[in-house]
Amino acid sequence: FYDDPHPELDAMRRQADRDHRLLLGRLDHLIGKLSADNPVYESWREAESEISFWVDQLEQHEDQEAKSLSVLLPCSTEQ
């Protein structure tokens, strides 16, 4: 959306890339634990809790990413 790169945009992109790698790494780890031959969790409730925590992290990331983008993109509330 800009002709020239802006430091704020580059910083947001780098942060989003780091967050994506972290979230994907945590998801891979979670999948590995869920698909292990020997049960890693004491109960399904424990597994559900860890999945829920990951989903919460993903939602927080997406909310922050949307807020960051809304600062950069002009929005018109007029119709």
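This chain uses plain numbering: 1 for the first residue, then up along the sequence.
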Asks: Is there a side-chain contact between I51 and L34 in this structure, where contact means two heavy atoms from C-beta onward sitting under 4.5 Å apart?
Replies: yes
Asks: Provide the full list of side-chain hydrogen bond (donor to acceptor under 3.5 Å, both in side chains) pairs with a residue in residues 13-28, sequence neighbours left out, each pair given once.
Replies: D10-R13, Q15-R18, Q15-D19, D19-H61, H20-H61, H20-E65, R26-Q57
Asks: Report whether L58 and L30 are members of the same hydrophobic cluster (ILVMFWY, side-chain heavy atoms less than 4.5 Å apart, transitive linking).
Replies: yes
Asks: Quick check: does any side chain N or O of S70 sit under 3.5 Å from a backbone N or O of K67, one acting as donor and the other as acceptor?
Replies: yes
Asks: Sorted by first residue and then second, give each side-chain hydrogen bond (donor to acceptor under 3.5 Å, both in side chains) pair with at least one member in residues 34-43; sequence neighbours left out.
Replies: Y41-E50
Asks: Has the side chain of W54 got a donor or acceptor atom that lies under 3.5 Å from a matching backbone atom of S49?
Replies: no
Asks: Under a 4.5 Å side-chain heavy-atom rule over Ile, Leu, Val, Met, Phe, Trp and Tyr, are V55 and L24 clustered together?
Replies: no
Asks: Can you pull out every salt bridge (charged side-chain N to carboxylate O under 4.0 Å, His left out) where at least one residue sits in residues 54-63? Sequence neighbours excluded, please.
Replies: none
Asks: Between the main-chain N or O of Q64 and the side-chain N or O of S68, is there a donor-acceptor pair closer than 3.5 Å?
Replies: yes
Asks: Checking H29 now: which residues fulfil ring pair (Phe, Tyr, Trp, His ring centres under 6.0 Å) with it, not counting sequence neighbours?
Replies: none
